[in-house]
Structure formats: structure tokens, C-alpha cells
Amino acid sequence: MQTESLCDLDDDLRRSILRHMLTARGVDEEARQLQKQGALDLWLSCQGQEAAQVGSVLAVGPDATVFPSYREHAVALTRGVTAEELVAQWAGRTFCGWDPRDRRFFPYTLVLAAQTLHAVGYSIGRRLQGLDDFVVVYVGDGATSEGDMSEAMNLAAVESASVLFICQNNGWAISKPAAEQMVTTVAERARGFGIESALIQGDDPETVHRQCVRAAEHVRDRRSPYLIEMRVGRIHGHSTSDAQEVYRGRDDIARTAAADPVLAYADRLTGLDVVDAEWLRGVESQVRDIRERLMKKYAS
Ligand SMILES: Cc1ncc(C[n+]2csc(CCOP(=O)(O)OP(=O)(O)O)c2C)c(N)n1
Ligand SMILES: [Mg+2]
């Protein structure tokens, strides 16, 4: 696993990363509450994966076209999807909620790994049209067991498609541990298809950011695919319909909660004097406003 200690992100970028992580956390928590009240049909929490999501989407830049899976709420919000737009689908009010072309952020895909083929095909199509063909696709560890993922990696390698695959390995496919799904890492598997790859820890947004900047350069400069596997923690169950206590050890759940990347990054930036209590209060108040807007729109 590649690890690095990082110190070269400027403080404005660090504050921006933390603000997006705190916003995503607040929206996710509000959505969980709304689901408990019956205002949303379902919610799949991204808590524990904010560092991987915010660090990566800021690194690839606004011009990359992004194909998400269904848990990329921090990516969506950072890309400018509003909280109201984000939860609309889970309230059964719309197929998507946002304009995919406008945000360069495609609709959520619940059919596991289907978005990997969409992403590769889209990138190839854009290249044929002489347009910017840089595409980023997010996929979970469990979804990599689908045939679509193997087809997508093979096609991307053969066509040298400009696709960055980002696998958030949270260790679980609902109740199935990753260790029971694969004997290699996802990063190793990508190399078998001829795709360069890296395996990193996804709980530090600065490590993620730096690795994704490099990966994006690789894809853009060489016009060939790349895969980053990020090890992340899933703090809550698979969805609001899932009781993870039934199949997951208490210690593991407690360890994951204690390693919360949002709290860790807030503490780190506070310790470095990059943010202070007043700055944090300001963000808290913005997040409260967003949560209130969500509540007003969706709470029945
Ligand atoms: C083709 C297909 N098969 C099965 C499912 C049911 N299913 C939904 S989520 C999930 C687990 C996916 O795990 P992973 O890819 O690791 O993503 P995570 O939920 O952990 O983010 C499964 C099996 C599905 N949605 N699509
Ligand atoms: Mg998973």
C-alpha cells in the first residue's frame, strides 16, 4: 500500500476540502433522519468515505465527466449538486434530481458496475467526436465482482480509454466481507488487464488528493486508463434497511467509527491552525441552513 505524509496542499484548498467533508456529513445525517421519519424511501450513507470522495473529485477537476455508483453523495455535493436535488431520487420524486450534463455528473446507477461500461463507452465516444474524453468512474469493492467491471477494464485497456477508475473498498458488499469476494486486491486485478493502478488508504483527503492528481495526469497525458483502489471505512450499515450489527463485529464497527475521517481531518487542521473555532462555527451554521432547507422540503 502506498502511504505518504503530505504537506504541500495550500491552506485554502485544505479548508475547502474540510468544508465539503463537513457539508457532506451534515447532509448525510439529515437524510438518515428524514428516512427514519418516512420522508425518504431509502438512504445509503457515505459516512466514513468523505475523505476519499472529496479528495478525489477536487483532484480531477471540474472538466472531468464523473460516473457515480450510488453512495457518492460527497462527490455530488462537491460538484455542485444541491442537497435538495441529491435526495429527490430517494424520496421517489425523480429519476435523477440534477442535470447530468450541466454538472458533468451522471445519474446514480444501482445496477452494480453498469456505470463502468457507460463510462468507458462515453469516453471512447467523446474521443471519436474530438471532445475532452477524460472520465472518472466510481465503483464499490463488491461491484468489481460483476462481469461488467471486467469487461470495462478490458475495453478501457484495449482502447486506451481516458478513464480513471476509483474503487472505494469499504470492505463490504452489504453483508459480504471483501475478503470472501476476492483473493487479490482490485488494484492487482487491474494490472492483469493492463491497467496501471495504485492501492492507497482513503481516510486522509490529502493523500487521496495527491494520488488522484497524479492519476488524472497519467490518464490525460498518456491517454490511457488508471485505477486507484482506496481503503475506506463504512461507518453505518449498507443502507437504512440494513442492520450491520447482525453480521459485523462490535469491535470492527466501533473501530471504524473511532477512525472517522471527518473528525480526524477537522482535528488535524485545527492543530495546524489552518482552521479555528470561529471558522468551524461558520461552517456549522451553513450546514444547519442546508439541513433546515432539506427538512422543510421533504419532512412530511
Ligand atoms: C447487478 C446487481 N446485483 C446485485 C445488486 C444488489 N446489491 C446492491 S448493493 C450491493 C453490494 C455492493 O457492494 P459494493 O460494490 O462494495 O458497494 P458499497 O455498497 O459497499 O458501496 C448488492 C449486492 C445490484 N444492485 N445490482
Ligand atoms: Mg463495498
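As the structure lists them, so they are numbered: ligands from 1, and atoms in each ligand from 1. None of these values were measured; they are calculated from a predicted model.
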Could you list which atoms of ligand 1 come closer than 4.0 Å to a heavy atom of Ala143? 14 (P), 15 (O)
Regarding Ser162 and Asp133, is there a side-chain donor-to-acceptor distance under 3.5 Å anywhere? yes
Are any of the side-chain heavy atoms of Ile166 and Val139 separated by less than 4.5 Å? no
Out of all atoms in ligand 1, which are within 4.0 Å of some heavy atom of Gly142? Include the element for each. 13 (O), 14 (P), 15 (O), 16 (O)
Is the closest N or O pair between Leu112 and ligand 1 shorter than 3.5 Å? yes
Asn170 heavy atoms within 4.0 Å reach ligand 1 at atoms 18 (P), 20 (O), 21 (O)
Is any side-chain N of the basic residue among Arg250 and Glu245 closer than 4.0 Å to the acidic one's carboxylate O? no
Against heavy atoms of His238, which atoms of ligand 1 measure under 4.0 Å? 9 (S), 19 (O)
Which option out of Asp148, Val232, Thr144, Ile174 puts a heavy atom nearest to atom 8 (C) of ligand 1? Ile174
Salt bridge check, Arg220 against Asp132: does any charged N sit closer than 4.0 Å to a carboxylate O? yes
Determine which pairs satisfy ring pair (Phe, Tyr, Trp, His ring centres under 6.0 Å) with at least one residue from residues 137-190, sequence neighbours left out, and list them in order. Trp172-Tyr247
Any N or O of Leu110 closer than 3.5 Å to N or O of ligand 1: yes
Show the atom names and distances, to 0.1 Å, of all donor-acceptor pairs under 3.5 Å that link a side chain in residues 70-81 to residues at least two apart or in another chain.
residue, atom, partner, partner atom, Å
Arg71, NH1, Ser45, O, 2.8
Arg71, NH1, His238, O, 3.1
Arg71, NH2, His238, O, 3.1
Arg71, NH2, His238, ND1, 3.1
Glu72, OE1, Ser69, N, 2.6
Glu72, OE1, Tyr70, N, 3.4
Glu72, OE2, Gln168, NE2, 2.8
His73, ND1, Tyr108, OH, 2.8
His73, NE2, Leu44, O, 2.6
Thr78, OG1, Ala74, O, 2.6
Arg79, NH1, Ala64, O, 3.1
Arg79, NH1, Arg103, O, 3.1
Arg79, NH1, Arg104, O, 2.8
Arg79, NH2, Gly61, O, 2.8
Arg79, NH2, Ala64, O, 2.8

Can a salt bridge be assigned to the pair Arg191 and Glu196 using a cut-off of 4.0 Å between side-chain N and carboxylate O? no
Show the atoms of ligand 1 that are less than 4.0 angstrom away from any heavy atom in Arg71. 18 (P), 19 (O), 21 (O)
Result block: side-chain N/O donor-acceptor pairs under 3.5 angstrom for residues 17-27, not counting sequence neighbours:
residue, atom, partner, partner atom, Å
Thr23, OG1, Arg19, O, 2.7
Arg25, NE, Glu50, OE2, 2.7
Arg25, NH1, Asp260, OD2, 2.7
Arg25, NH2, Glu50, OE1, 3.2
Arg25, NH2, Glu50, OE2, 3.0
Arg25, NH2, Asp260, OD1, 3.1

Any side-chain donor near an acceptor of the partner, Glu29 and Gln33, under 3.5 Å: yes
Metal environment of the Mg ion (ligand 2), protein N/O/S under 2.8 Å: Asp141 OD1, Asn170 OD1, Trp172 O
Gln49 to ligand 1: N or O pair under 3.5 Å? no
Output yes when a side-chain donor or acceptor of Thr109 lies under 3.5 Å from a complementary backbone atom of Val111, and no otherwise. no
